[in-house]
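Only this structure's heavy atoms are used, side chains among them; waters, hydrogens and symmetry mates stay out.
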Amino acid sequence: MPVRNGAMSVHVDRAPARGLAVEATTEQVLLAASLFWALAANRPFLSAALKERALSHPSTWLFVLALVVGLVALNWLLLAPFACRWTVKPLVSLLLVATAFAIHFMQELGVYLDPGMLRNVLHTHPGEARELLSLRLVAHLLLYAVLPLALLWRVRIVRRPWGRALLVRSVWVLMALAILAGALLAMFQPLASFIRNQHDARYLITPANAVWSLGRVLVSEAHGAGTPRRSIGGDAVPGPSWSAAARPRLVVLVVGETARAANWGLNGYARQTTPQLASLPVINFTQVSSCGTSTEVSLPCMFAPVGRRDYDETRIRGSESLLHVVARAGVDVQWIDNQGGCKGVCDGLPYESTLSRPADGLCSDGACFDETLLAGIAQRLDRGRGVQLLVLHQLGNHGPGYFRRYPPPFDRFAPACRSDDLQACTQAEIVNAYDNALLYTDHVLATAIRRLQARAGEVDSALVYVSDHGESLGENNLFLHGIPYAIAPDTQKRVPMLMWMSDGFRQSMAIDAGCLQQRATQPAGHDHLFHTLLGLLDVRTALHEPAWDLVHGCRTLAP
């Protein structure tokens, strides 16, 4: 129905009135949403920006004002190209919900919503996602999503003739650009210094971080979808030790989850979280760095010939892994998973999930304790032929439900946090639960080694354990993992690693255990894994770099 607005005719969408309702233009709705997000969803960004500034100084408040104004203009400009009378409500509604979730976890756990974290979110297993739900989250969503949504859908959008709509939108865009430019000029020097020193702080700007990161992830995955992985190691062949071996050979690689070096008993932690391993002849590597701070990054990276030292995500995800190389040489490869999959590392190779054969007393509610993985070792020992590589992917210390990762006999450090909401527990309780989960990993690894030892007369065997990344347990108000690598604390980047070999394996591969024990005191990292496993399996390929093979320098003669 037309109404008169000066000399121009304006049309209003006449939806049936329900209670109180207001009329607003598309631009006004975007402005209200942008102002709401700038004030309610950017506390982590504003806190980071003000960390080194004195609140008593007038320039600080001018800086804050310019930041808020700049955030409003930035949010408005990001939404404007996609918003019209028909799309503005669905668009803002979607972002209100996504932003409410994002800001909850950013504030509660101290995470950054960069593309890596967004990829983690998109690939999260449903069981893992359930552990992140809490009453605190529900209350947050009611305030930051449900209430704004209720207000939004009470608004009736003003309808204009297309010519006037285009003119008005152009004026708004020019105003927003001018305001953003003015805000940037007003705070350029302090903002430039802040961004230069804290480059990843841009991933705290909400909802721009979610929009940008989601776009990056979708473009990346669309680019790789349907594209065959680039073949590597086409020259891989068995080494001379294969034909000379008196017994079959089995290498077990245990990929840990979220175990951090700081709490690893063998590294000198105040608590003995590895009592069973301490009684076995293992070689413990004390200074090991991960490739990433999340499984999505670390897992593909640790199976690549070049990882963190020359990190290229596109190359790593688009290429075959170590497993494909050794399989090409004739190694019998199998991956058994008790977590969220192999992230492409084992594509096309034998794969089994523990949930496909749940063990009595070890599995419930769609999750299994890591002891279920050990059945794979018995099967491989019984197979007893050729050269085999068995990869066991643990659930390990995956948070926040650390207390769910171990059975009752390992609940030794008390009181342990028994909640998925880490904010409901003290830091001491969180650490207790985490350390109990490490005790269970110690048990699983020691049991695996003892099973290999028991069959040492039949099969030459070795076991390598390394965690994918570490974890924050409340230090500096950070929890879980996934902080951008450049600014992540060492607790998220330093991981435990160890090796064990049967006497027959050491002798057949001519490895000096004393030398390897000495090498274990020096720095190492995920970048060494690819080349070390090539050496342990004696697979010959031009990809093998002896300098990155942890065992190469400790051979008494060529295998």
Minimum-distance pair of heavy atoms, taken over all atoms of Arg328 and Gly234 | CD-CA, 3.9 Å

Partner set under ring pair (Phe, Tyr, Trp, His ring centres under 6.0 Å) for Tyr440, not counting sequence neighbours = Phe369, Phe410

Would you check if the side chain of His531 reaches a backbone N or O of His528 as a donor-acceptor pair within less than 3.5 Å?
-> no

Would you say the side-chain atoms of Arg555 pair up with the backbone N or O of Met509, donor to acceptor, closer than 3.5 Å?
-> yes

Asp382 atom CG, neighbour heavy-atom count above 12 within 6.0 Å | yes

Of all pairs that satisfy disulfide (SG to SG under 2.5 Å), the ones with a partner from residues 457-495, not counting sequence neighbours | none

Residue set satisfying ring pair (Phe, Tyr, Trp, His ring centres under 6.0 Å) with Phe530, at least two apart, ordered chain then number -> none

Taking the side chain as every heavy atom from C-beta outward, state whether Met501 and Leu536 have any atom pair closer than 4.5 Å.
-> yes

Side chain to side chain contact (heavy atoms under 4.5 Å, CB included) partners for Ala245, two or more places apart | Arg249

Trp264: partners by ring pair (Phe, Tyr, Trp, His ring centres under 6.0 Å), with sequence neighbours left out | Tyr465

Output every pair passing salt bridge (charged side-chain N to carboxylate O under 4.0 Å, His left out) with a member in residues 389-401, not counting sequence neighbours, ordered by first then second residue.
-> none

Any donor-acceptor pair under 3.5 Å from Asp442 side chain to Leu438 backbone | no

Counterpart residues, side chain to side chain contact (heavy atoms under 4.5 Å, CB included), relative to Arg229 (two or more places apart) = Glu320, Asp347

So, do Glu257 and Arg405 sit near enough that their side-chain heavy atoms are less than 4.5 Å apart?
-> no

What pairs of residues pass the ring-ring contact (aromatic ring centres under 6.0 Å, His included) test when at least one of them lies in residues 498-523, not counting sequence neighbours?
-> none

Please say whether the positively charged group of Arg308, taken as NZ for Lys or CZ for Arg, lies over the ring of Tyr311, i.e. under 6.0 angstrom from the six-membered ring centre and within 45 degrees of the axis.
-> yes

In terms of the angle between their ring planes, are His481 and His398 parallel, tilted or perpendicular, with boundaries placed at 30° and 60°?
-> perpendicular

Taking side chain as C-beta onward, heavy atoms only, is Tyr112 less than 4.5 Å from Asn209?
-> no

Mind checking what makes ring pair (Phe, Tyr, Trp, His ring centres under 6.0 Å) contact with His552, not counting sequence neighbours?
-> none

Partners of Ala304 by side chain to side chain contact (heavy atoms under 4.5 Å, CB included), sequence neighbours excluded?
-> Ile316

With sequence neighbours excluded, tell me which residues meet side chain to side chain contact (heavy atoms under 4.5 Å, CB included) with Thr286.
-> Asn267, Asn284

Going by atom type alone, with no hydrogens or angles, which donor-acceptor pairs under 3.5 Å involve a side-chain atom of residues 514-522 and a protein atom two or more places apart or on another chain?
{"residue": "Arg519", "atom": "NH1", "partner": "Pro523", "partner atom": "O", "Å": "3.2"}
{"residue": "Arg519", "atom": "NH2", "partner": "Pro523", "partner atom": "O", "Å": "3.2"}
{"residue": "Thr521", "atom": "OG1", "partner": "Gln518", "partner atom": "O", "Å": "2.6"}

